[in-house]
Amino acid sequence: NAQTTENNNPQPEDNAQIPENNPQPENNAQTTENNPQPENNAQIPENNAPTVPANTDAPTPTVQPATPTLSPDEEKLKDLIQQMYDLRDTFSGHVDAIINECIAEFLALDPSEQTQLNKIRIVSARLGEVADMEDDCDNQVADIVSQIREIDPALADQVEQQYQNEKALKKASLINQYGG
């Protein structure tokens with residue numbers, strides 16, 4: 001893959017080595033505008049492949065990654081799984097917001113009123129709201145799982161079990177962190 005200049009002088013081949021301190025004779029006739037010669041201080045990488053200046057006139061090709069084509073069922077499953085993630089994030093965000101509001105309300109109390117009894121009172125006042133949100137979330141999950149079940153019953157079982165496990169872990173974590 002040797003390149004040549006206008007006067008047919010070959011460029012070094014891939015396995016050629018250029019000594020570091022070996023000045024080339026200056027002859028500007030050997031260099032063309034579209035095919036420049038390497039400069040005297042050009043270094044060959046360790047793999048002995050010469051560096052070739054890029055042709056700036058040539059467009060850079062863009063390579064698009066191959067995207068697998070999904071069947072309509074696979075597309076629907078992908079969408080439904082994303083809905084599950086979105087639902088989880090939304091519900092968790094609402095629960096976290098309620099927790100933060102309860103904490104702020106508790107910390108706003110006079111230090112002498114920051115008792116276990118007031119903590120329970122503040123949390124109890126919001127439990128109905130959290131329970132309503134949980135019921136709403138459960139209903140939305142049931143709807144999504146039933147749609148998944150129409151396409152892939154085994155996947156629907158896995159999604160439902162994962163939801164129940166995450167919900168139980170979230171409750172246990174909240175009770176452990178704030179319940180006592």
Side-chain angles (χ1 to χ4, degrees), residues 1 14 43-180:
N1 225 357
D14 287 338
Q43 295 184 9
I44 304 298
E46 288 183 25
N47 66 1
N48 294 331
T51 56
V52 179
N55 182 355
T56 57
D57 296 335
T60 304
T62 54
V63 178
Q64 296 294 328
T67 54
T69 304
L70 299 176
S71 72
D73 283 348
E74 290 170 327
E75 284 288 342
K76 180 151 178 131
L77 287 173
K78 180 181 169 187
D79 181 55
L80 291 167
I81 297 299
Q82 185 59 51
Q83 287 179 40
M84 286 293 296
Y85 285 120
D86 294 345
L87 187 60
R88 178 194 62 193
D89 293 345
T90 299
F91 179 74
S92 291
H94 288 310
V95 170
D96 291 344
I98 290 172
I99 289 169
N100 288 333
E101 290 167 9
C102 289
I103 291 170
E105 185 177 341
F106 181 77
L107 294 176
L109 294 173
D110 185 81
S112 65
E113 295 178 358
Q114 293 180 2
T115 64
Q116 186 67 19
L117 185 60
N118 280 333
K119 185 180 186 182
I120 292 170
R121 180 188 56 78
I122 292 169
V123 170
S124 296
R126 303 298 295 270
L127 284 179
E129 183 180 354
V130 173
D132 289 344
M133 285 179 13
E134 181 181 4
D135 288 344
D136 183 46
C137 186
D138 287 345
N139 290 332
Q140 291 181 52
V141 166
D143 180 54
I144 293 169
V145 168
S146 72
Q147 292 178 61
I148 294 172
R149 192 171 309 287
E150 292 172 8
I151 301 167
D152 187 339
L155 179 60
D157 292 343
Q158 289 177 332
V159 168
E160 189 171 32
Q161 186 62 45
Q162 182 67 26
Y163 170 71
Q164 294 301 330
N165 289 344
E166 285 188 27
K167 186 168 85 167
L169 287 172
K170 179 80 172 178
K171 282 182 177 181
S173 173
L174 292 174
I175 290 170
N176 185 41
Q177 189 172 2
Y178 301 108

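None of these values were measured; they are calculated from a predicted model.
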Residue pair Ile98, Met133: steps toward the side chain to side chain contact (heavy atoms under 4.5 Å, CB included) verdict: CA-CA 11 Å; Ile98 290 172; Met133 285 179 13; 3.9 Å; yes

Reported CD-to-CE distance for the pair Glu166 and Met84, which is rounded to 0.5 angstrom: 8.0 Å

Evaluation steps, side chain to side chain contact (heavy atoms under 4.5 Å, CB included), between Val95 and Leu174: CA-CA 10 Å; Val95 170; Leu174 292 174; 3.7 Å; yes

Inter-residue atom distance Lys170.NZ - Arg88.CZ, 0.5 Å rounding: 10.0 Å

Atom of Val123, atom of Cys102 and distance for their closest heavy-atom approach: CA-SG, 4.4 Å

Ser146 side, atom OG; Glu160 side, atom CD - distance, nearest 0.5 Å: 10.0 Å

Gln177 side chain reached by Ile99 side chain, heavy atoms, under 4.5 Å: no

Rounded distance [0.5 Å steps], CD in Gln116 versus CZ in Phe106: 7.5 Å

Residues Ser71, Asp73; criterion side-chain hydrogen bond (donor to acceptor under 3.5 Å, both in side chains); working and verdict: CA-CA 5 Å; Ser71 72; Asp73 283 348; 5.5 Å; no

Exam field: side chain Asn139 to backbone Asp135, donor-acceptor pair closer than 3.5 Å: yes

Spatial distance of atom CG (Leu70) from atom CG (Asp79) [nearest 0.5 Å]: 12.0 Å

Gln162 vs Gln158, side-chain hydrogen bond (donor to acceptor under 3.5 Å, both in side chains): CA-CA, chis, key distance, verdict: CA-CA 6 Å; Gln162 182 67 26; Gln158 289 177 332; over 6 Å; no

Under-4.0 Å salt bridge between Glu134 and Lys171: yes

From Leu87 atom CG to Ser92 atom OG, the distance as rounded to the nearest 0.5 Å: 9.0 Å

Donor-acceptor pair, side chain of Ser173 and main chain of Leu169, under 3.5 angstrom: no

Stepwise side chain to side chain contact (heavy atoms under 4.5 Å, CB included) test for Asp157 and Arg149: CA-CA 8 Å; Asp157 292 343; Arg149 192 171 309 287; 2.7 Å; yes

Carboxylate-amine/guanidinium contact Lys76 Asp152, below 4.0 Å: no

Over all atoms of both residues, closest heavy-atom pair of Ile144 and Leu80: CG2-O, 3.7 Å

Considering all heavy atoms, the nearest Glu113-Asn118 contact: O-ND2, 2.6 Å

Test item: Phe91 and Asp136 side chains (from C-beta on) under 4.5 Å apart, heavy atoms: no

Worked check of side-chain hydrogen bond (donor to acceptor under 3.5 Å, both in side chains) between Gln147 and Asp143: CA-CA 6 Å; Gln147 292 178 61; Asp143 180 54; 3.2 Å; yes

Residue pair Val159 / Val141, side-chain heavy-atom distance below 4.5 Å: no

Side-chain heavy-atom pair Gln140, Gln83 within 4.5 angstrom cut-off: no

